[in-house]
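All values reported here derive from a predicted model rather than from experimental measurement. For the single chain, residues carry numbers from 1 onward in sequence order. The analysis underlying the following values was restricted to heavy atoms, covering all of them including side chains, and did not include hydrogens, waters or symmetry mates.
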Amino acid sequence: MGVPFSKEISVRFLEEGFKEQGISFPDSEKIFDILGGNPGWLTYFGYIYIKHGRDEEKAILETKRYAKRLLSREFCNFTKEGGRDKRRYLKVIETCRKGCSWKDIKKLSRGSGRQRDKRRNHERHNK
């Protein structure tokens, strides 16, 4: 996934996209505040907005549903594939399921790293 657009770029991106379609769209800042600066979500929102007869609320809901399905599918693929730190990521997701802070995530990450380092050192010294 690429780097999200800033608010300024997102607003301009939406306005230019709608302008190309001959549409004046005054709520670009609102859409950024709701969907963020992911160019894919902004593009999808614009497509759905036009497809559904300029129904902003319907386009927002459909974009959120689509994003949720896509991210869920990608995360499931990631966990199936494994990945180097699969257990650690699953632990973070489980912890954050009920709400967490960045500090909580960092604590989990550091703890896992220390435990992993201890195991590696123990294995090296006991060969």
Side-chain angles (χ1 to χ4, degrees):
M1 183 186 279
V3 177
F5 291 159
S6 66
K7 185 171 189 168
E8 180 184 334
I9 292 172
S10 296
V11 167
R12 203 165 11 141
F13 180 79
L14 284 167
E15 289 172 350
E16 290 297 318
F18 283 119
K19 186 177 175 182
E20 286 178 12
Q21 299 299 313
I23 297 170
S24 173
F25 187 77
D27 291 332
S28 296
E29 286 190 27
K30 174 185 170 186
I31 299 306
F32 172 83
D33 290 339
I34 294 169
L35 299 177
N38 181 305
W41 304 152
L42 298 174
T43 301
Y44 191 79
F45 167 81
Y47 167 74
I48 296 298
Y49 178 80
I50 293 169
K51 180 180 174 186
H52 289 293
R54 301 182 188 187
D55 184 333
E56 189 175 302
E57 291 307 311
K58 190 171 188 172
I60 290 168
L61 287 174
E62 179 57 34
T63 302
K64 285 181 172 183
R65 277 191 211 113
Y66 175 74
K68 184 177 179 180
R69 283 191 314 265
L70 181 63
L71 292 171
S72 177
R73 192 168 51 243
E74 288 297 317
F75 184 74
C76 287
N77 288 340
F78 168 76
T79 58
K80 284 179 190 172
E81 296 292 321
R84 214 173 53 167
D85 297 321
K86 177 182 174 181
R87 279 180 277 162
R88 182 171 28 160
Y89 289 122
L90 291 173
K91 181 77 172 165
V92 168
I93 295 301
E94 183 61 34
T95 300
C96 292
R97 199 168 151 201
K98 298 175 186 114
C100 65
S101 67
W102 181 243
K103 184 178 178 180
D104 296 329
I105 294 170
K106 284 176 70 174
K107 192 185 306 179
L108 282 170
S109 296
R110 277 193 299 239
S112 296
R114 284 188 190 129
Q115 290 170 352
R116 190 173 50 248
D117 291 343
K118 283 181 183 177
R119 280 194 307 268
R120 284 183 188 157
N121 285 336
H122 185 270
E123 289 169 2
R124 279 188 211 141
H125 294 296
N126 293 322
K127 280 187 176 181

Looking at Arg12 and Glu15, is any side-chain nitrogen of the basic one under 4.0 Å from a carboxylate oxygen of the acidic one?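 A salt bridge is absent here (no side-chain N lies under 4.0 Å from a carboxylate O).
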
Between Glu62 and Lys51, does any side-chain N to carboxylate O distance fall below 4.0 Å? no

Say whether, by atom type as modelled, one donor and one acceptor occur between the side chain of Asn38 and the main chain of Trp41 under 3.5 angstrom. yes

Minimal non-hydrogen separation, [X] against [Y], with atom names:
| X | Y | result |
| --- | --- | --- |
| Ser10 | Gly37 | OG-CA, 3.4 Å |
| Gly36 | Leu42 | O-CD2, 3.5 Å |
| Phe45 | Thr63 | CA-OG1, 3.3 Å |
| Gly46 | Phe18 | CA-CZ, 3.8 Å |
| Ser24 | Pro26 | O-CD, 3.6 Å |

Answer with yes or no whether the hydrophobic clustering places [X] together with [Y]; edges join I, L, V, M, F, W, Y residues whose side-chain heavy atoms lie under 4.5 Å apart.
| X | Y | answer |
| --- | --- | --- |
| Leu70 | Tyr47 | yes |
| Ile9 | Phe32 | no |
| Ile34 | Val11 | no |

Approximate separation, where rounding is to 0.5 Å, of [X] [atom1] and [Y] [atom2]:
| X | Y | atom1 | atom2 | result |
| --- | --- | --- | --- | --- |
| Asp33 | Lys30 | CG | NZ | 10.0 Å |
| Ser28 | Lys7 | OG | NZ | 10.5 Å |
| Arg73 | Lys68 | CZ | NZ | 13.5 Å |

Would you call the rings of Tyr49 and Phe25 parallel, tilted or perpendicular if under 30° counts as parallel and over 60° as perpendicular? perpendicular

Under a 4.5 Å cut-off applied to non-hydrogen side-chain atoms, are [X] and [Y] in contact?
| X | Y | answer |
| --- | --- | --- |
| Thr43 | Phe13 | yes |
| Leu35 | Tyr44 | no |
| Leu14 | Phe5 | no |

Is it true that, when you exclude Lys58 itself, more than 12 heavy atoms of the residues, nucleotides or ligands shown sit nearer than 6.0 Å to its NZ?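 Counting other residues, nucleotides and ligands, NZ of Lys58 stays at 12 neighbours or fewer.
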
